[in-house]
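All remarks here apply to the structure that follows.
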Amino acid sequence: NAGVTQTPKFQVLKTGQSMTLQCAQDMNHEYMSWYRQDPGMGLRLIHYSVGAGITDQGEVPNGYNVSRSTTEDFPLRLLSAAPSQTSVYFCASSLGEKLFFGSGTQLSVL
Amino acid sequence: KNEVEQSPQNLTAQEGEFITINCSYSVGISALHWLQQHPGGGIVSLFMLSSGKKKHGRLIATINIQEKHSSLHITASHPRDSAVYICAVAGNQFYFGTGTSLTVIP
């Protein structure tokens, strides 16, 4: 039981590049979500999913896409990276009130 | 508009001191989490509360549902307690406070 596995841990992109942050969980959780964490702003919800085939936007969805083809995987795609997307990203999964986070991805966009 | 407010934002304590971090929220919730994040590290849930009080070792968390308020207490603080503590509430989605950065000095 690995919990929530998030990759990569670090990434540097140039403006305009695209990339995918991977998130997988092995706890059969229906709810998965992506957050970005910026200094002084706390965790902000980007996108979330309540089950396979269902996704919805959070507070700051612009510039990001998600899909949920399986219960286990919830990748986050940056379509055309911008410096404003420099942040630390966390994937989380939950079942009921139980909440688990991935280890985070530190992304820098130059 | 912040659904979750934490105080203080920053806290420095001497080793051994009793510490309290407060969290107030404005939305209806089914549960509240206290999360811990060490520098450069991941985020772990220390407690999940829906009522009353929970204790794990030197950490105590309380919640007052009527007043929409929770506190996290650390007794006999230690330098290894230095971390950011985040209050998160489970409503129709999770809402997070901005965190309290705690530094415990030996």
Side-chain angles (χ1 to χ4, degrees), chain A residues 1-10 21 23-25 27 29-51 54-61 66 74 87-108, chain B residues 1-11 21-52 54 56 61 63 65 70 72 83-102:
Chain A
N1 191 333
V4 180
T5 302
Q6 185 181 336
T7 58
K9 285 191 72 70
F10 301 95
L21 280 64
C23 179
Q25 53 89 14
M27 298 173 283
H29 288 175
E30 293 293 335
Y31 187 93
M32 296 185 73
S33 49
W34 277 101
Y35 301 90
R36 58 179 289 173
Q37 186 180 42
D38 300 293
M41 301 192 73
L43 289 156
R44 291 186 293 168
L45 181 64
I46 303 171
H47 284 284
Y48 66 97
S49 169
V50 298
I54 306 168
T55 63
D56 208 344
Q57 296 181 353
E59 181 185 353
V60 288
V66 292
F74 190 45
S87 188
V88 180
Y89 292 83
F90 287 96
C91 175
S93 76
S94 62
L95 180 66
E97 291 92 25
K98 295 183 181 179
L99 178 61
F100 297 88
F101 286 87
S103 56
T105 298
Q106 191 168 317
L107 175 67
S108 295
Chain B
K1 167 176 169 284
N2 293 329
E3 289 83 4
V4 181
E5 299 278 358
Q6 274 185 249
S7 63
Q9 275 192 299
N10 297 285
L11 184 55
I21 300 170
N22 294 299
C23 174
S24 297
Y25 54 92
S26 59
V27 295
I29 70 168
S30 57
L32 180 145
H33 289 258
W34 280 102
L35 311 174
Q36 181 189 56
Q37 184 177 26
H38 281 105
I43 302 171
V44 295
S45 177
L46 297 172
F47 290 101
M48 190 272 291
L49 291 161
S50 53
S51 65
K54 283 191 177 178
H56 289 159
I63 187 168
I65 296 292
S70 176
L72 175 67
V84 175
Y85 293 84
I86 301 168
C87 175
V89 300
N92 58 344
Q93 65 179 66
F94 281 98
Y95 299 94
F96 299 86
T98 53
T100 295
S101 179
L102 171 65

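Letters A, B, ... are given to chains in the order of the sequence lines, protein chains preceding strands, and every chain is numbered from 1. Worth saying up front: this structure is predicted, and the values here are computed from it rather than measured.
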Select one option (side chain, backbone, both, neither) describing which atoms of [X] are under 4.5 Å from chain B's heavy atoms.
X: A/Y31; result: side chain
X: A/E59; result: neither
X: A/L45; result: side chain

A/F101 to B/I43 - nearest heavy-atom pair and separation: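 Where A/F101 meets B/I43 most closely, the heavy atoms are CB-O, 3.5 Å.
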
Go through the atoms of B/L35 and report whether side chain, backbone, both or neither lie under 4.5 Å from a heavy atom of chain A.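 Interface part for B/L35: side chain.
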
Establish, yes or no, whether a centroid distance under 6.0 Å links the rings of A/Y35 and B/F94.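 No: the rings miss the under 6.0 Å criterion.
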
Distance in Å, B/Q93 CD paired with A/D56 CG, rounded so as to fall on 0.5 Å steps: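 Rounded to the nearest 0.5 Å, the CD-CG separation comes to 9.5 Å.
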
Please report the interatomic distance CE(B/M48) to OG(A/S94), rounded to the nearest 0.5 Å.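 So the CE of B/M48 and the OG of A/S94 are separated by 11.0 Å.
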
For chain B, which of A/M41, A/Q37, A/Q106, A/R44 has the most heavy-atom pairs under 4.5 Å?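 Looking at each option in turn, the highest pair count goes to A/Q37.
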
What option among A/G104, A/G42, A/G58, A/A92 has the most heavy-atom pairs under 4.5 Å with chain B?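 Most heavy-atom pairs within the cutoff with chain B belong to A/G42.
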
Could you check if a side-chain atom of A/L43 sits within less than 4.5 angstrom of a side-chain atom of B/Q37, using non-hydrogen atoms only?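 No, their side chains stay 4.5 Å or more apart.
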
